[in-house]
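Everything below concerns the one structure shown next.
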Amino acid sequence: MSDFYQNGIITNFHNLTRRPVEALEADLVRFARKRPMSLILPSLFSELEGPALDNIVNCLAKVPYLSEIVIGLDRADREQFLFAREFFSRLPQHHRILWNDGPRLRALDAELEAEGLSPQEPGKGRNVWYCSGYVLASARAEAVALHDCDIVTYDREMLARLIYPVANPQFNYEFCKGYYSRIAEGKLNGRVSRLLVTPMIRALKKIYGPLPYLEYLDSYRYPLSGEFSMRVDVLNDIRIPSDWGLEIGVLSEVHRNYSTKRLCQVDIADAYDHKHQCLIDKEAEKRGGLDRMSLDIAKAIYRKLATLGVQISAESFRTIKATYYRIALDIIETYYNDAVMNGLKVDRHSEEQAVELFAQNLMEAGRIFLDNPHDKPFIPSWSRVQAAIPDLQERMYAAVEEDNLGNV
């Protein structure tokens, strides 16, 4: 049973009564008459062969209120795209696949690159950005949700609860973030959120004072969740980071554009499990795993603080590291005790190893931040793209239609 406490400066939606999903969906079907809804699924082709996505698609096939499902497909050749068309064909809703590696969308990407508007690196941020452009082009929805495609514990209630606050015409929320406890196989997960983001934010508050932005970030119960929903107009002006800072970057953007009264978070699951990242990906050519993720998240927060007028120097990062490290060690103790009381396992040695890596990456992220003053970390907003190439969204829509219905 969830508590009903309203902490922080954004609204919390709790799961107080375990309301049946059928009742939630009945409301959403009614809301859809005034506020049509869409879902974005950013996916790697490899996830079509994994254990989670087949169940997700089976669940979505029973959802009665969606007007559109948009699947962003990365790392797929022609045969794999054709496989994906067949894989998703069981969805009864209007659905389209963005074949991001196909010749038609690659040609549009080259056109954007010539104007300096193309995403600089592949990844989830680029995928989500193109899907957002397509949702704007299709004009089939006024509210849109997004979630990952590797959720092993997925069910229809997750989506219903996630989109409800922005779909209800009587509510005035523009953006909603999903939260949940990260527990699987008797273990407490969610290390980056628990051991990096929360202690980092609290260290920065201790050093720079209670800045509204830091108070805002600290209000989210799971700031790194990949599940969020919003009104479609949010997609026009939001600038999406192209790296692992996507989730923090999105939170920063909606904070910049909207009053906190228009932002909320919702409890979407008692248990949530998805693909786990290793601490350091030793087989990757570049930095990967939680190592790369922690670096990008720290850079995203430093960038935002700089835009707020916070002066950060090389000496500042040593102070941030030391303050973070002490707070993080205390948080390890807190989570260990909480886990023991609930009969869960926590490997304190690996938790401290993670904190040591994250502490080093706070310094490394600071060095990268200072050494690259001309860095362009954000993909341009779609409103800027429209100003530069007014018919690009129309041509993207036509290209996606050709890929999905014609010859490839």
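None of the values given here were measured: they were computed from a predicted structure.
Looking at every heavy atom in both residues, Pro241 comes nearest to Phe378 through CG-CE2, 3.6 Å. Between Cys176 and Pro165, the shortest heavy-atom contact is SG-CG, 3.7 Å. Closest approach of Pro199 and Tyr324 over heavy atoms only: CG-CE1, 3.6 Å.
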Determine, step by step, whether Tyr216 and His255 satisfy the ring pair (Phe, Tyr, Trp, His ring centres under 6.0 Å) criterion, reporting the C-alpha distance in whole Å, the side-chain angles of both residues, the deciding distance to 0.1 Å, and the verdict. CA-CA 8 Å; Tyr216 161 76; His255 179 256; 4.3 Å; yes

Does the side chain to side chain contact (heavy atoms under 4.5 Å, CB included) test come out yes or no for Glu227 and Tyr272, once each step is laid out? CA-CA 11 Å; Glu227 291 70 41; Tyr272 179 103; 2.8 Å; yes

After noting the C-alpha distance and the side-chain angles of Phe45 and Phe81, does the key distance pass the side chain to side chain contact (heavy atoms under 4.5 Å, CB included) rule? CA-CA 8 Å; Phe45 176 79; Phe81 172 66; over 6 Å; no

Test log, rule ring pair (Phe, Tyr, Trp, His ring centres under 6.0 Å), inputs Tyr179 and Tyr220: CA-CA 8 Å; Tyr179 72 87; Tyr220 284 100; 9.5 Å; no

Stepwise side chain to side chain contact (heavy atoms under 4.5 Å, CB included) check, Lys345 with Leu188: CA-CA 7 Å; Lys345 292 178 288 185; Leu188 194 59; over 6 Å; no

Apply ring pair (Phe, Tyr, Trp, His ring centres under 6.0 Å) to Phe228 and His147, showing your working. CA-CA 7 Å; Phe228 46 88; His147 64 65; over 10 Å; no

Candidate pair Tyr213 and Asp218, rule side chain to side chain contact (heavy atoms under 4.5 Å, CB included), full reasoning: CA-CA 9 Å; Tyr213 171 69; Asp218 209 21; over 6 Å; no

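Looking at heavy atoms from C-beta onward, Ser229 lies out of side-chain contact with Phe175 at the 4.5 angstrom threshold. Within the 4.5 Å cutoff, side-chain heavy atoms of Ile40 are placed close to those of Ser132. Residues Leu362 and Tyr302 form a side-chain contact, since some pair of their non-hydrogen atoms from C-beta on lies under 4.5 Å apart. Looking at heavy atoms from C-beta onward, Leu112 lies in side-chain contact with Tyr130 at the 4.5 angstrom threshold. For the pair Ile201 and Thr198, the minimum side-chain heavy-atom distance is 4.5 Å or more. For the pair Tyr180 and Arg182, the minimum side-chain heavy-atom distance is below 4.5 Å. Lys187 places a side-chain heavy atom less than 4.5 Å from the side chain of Asn189. Ile312 is listed as a side-chain neighbour of Tyr208, based on a closest heavy-atom distance under 4.5 Å.
Electrostatic pairing of Arg202 and Asp330 does not count as a salt bridge here, judged by no charged N lying under 4.0 Å from a carboxylate O. Salt bridge annotation for Arg367-Glu364: present, with a cationic side-chain nitrogen under 4.0 angstrom from a carboxylate oxygen. Salt bridge present: Asp27 and Arg19 bring a charged side-chain N and a carboxylate O closer than 4.0 Å. One finds a salt bridge joining Glu333 and Arg348 here, because a Lys/Arg side-chain nitrogen approaches an Asp/Glu carboxylate oxygen to under 4.0 Å. Under the 4.0 Å criterion applied to side-chain N and carboxylate O atoms, Arg221 and Asp267 are not assigned as salt-bridge partners. A salt bridge is absent between Asp109 and Arg104; no separation between the charged side-chain nitrogens and carboxylate oxygens falls under 4.0 Å. A salt bridge links Glu401 with Arg96: at least one charged nitrogen is closer than 4.0 Å to a carboxylate oxygen. Contact check on Glu142 versus Lys34 returns no salt bridge, with no Lys/Arg side-chain nitrogen under 4.0 Å from an Asp/Glu carboxylate oxygen. By the 4.0 Å N-to-carboxylate-O rule, Glu25 lies close enough to Arg156 to be salt-bridged with it. Classification of Glu22 and Lys62 as a salt-bridged pair fails, no side-chain N sitting under 4.0 Å from a carboxylate O. Asp101 has a carboxylate O that lies under 4.0 Å from a charged side-chain N of Arg106, or vice versa, which qualifies the two as a salt bridge.
Surrounding CD of Glu86 are at most 12 heavy atoms belonging to other residues, nucleotides or ligands under 6.0 Å away. Counting heavy-atom neighbours within 6.0 Å of Lys205 NZ, excluding the residue itself, gives a total above 12. Annotation for Glu356: atom CD counts as buried by contact number, over 12 foreign heavy atoms lying within 6.0 Å.
No option in Ile297, Leu295, Asp291 other than Ile297 meets the side chain to side chain contact (heavy atoms under 4.5 Å, CB included) test with Met293.
Seen from the ring of Tyr335, Arg194 counts as a face-on cation partner, given the 6.0 Å and 45° thresholds.
In this structure a side-chain-to-backbone donor-acceptor pair under 3.5 Å is present from Arg78 to Val408.
Classified by interplanar angle (parallel below 30°, tilted 30° to 60°, perpendicular above 60°), the ring pair Phe31/Tyr164 is perpendicular.
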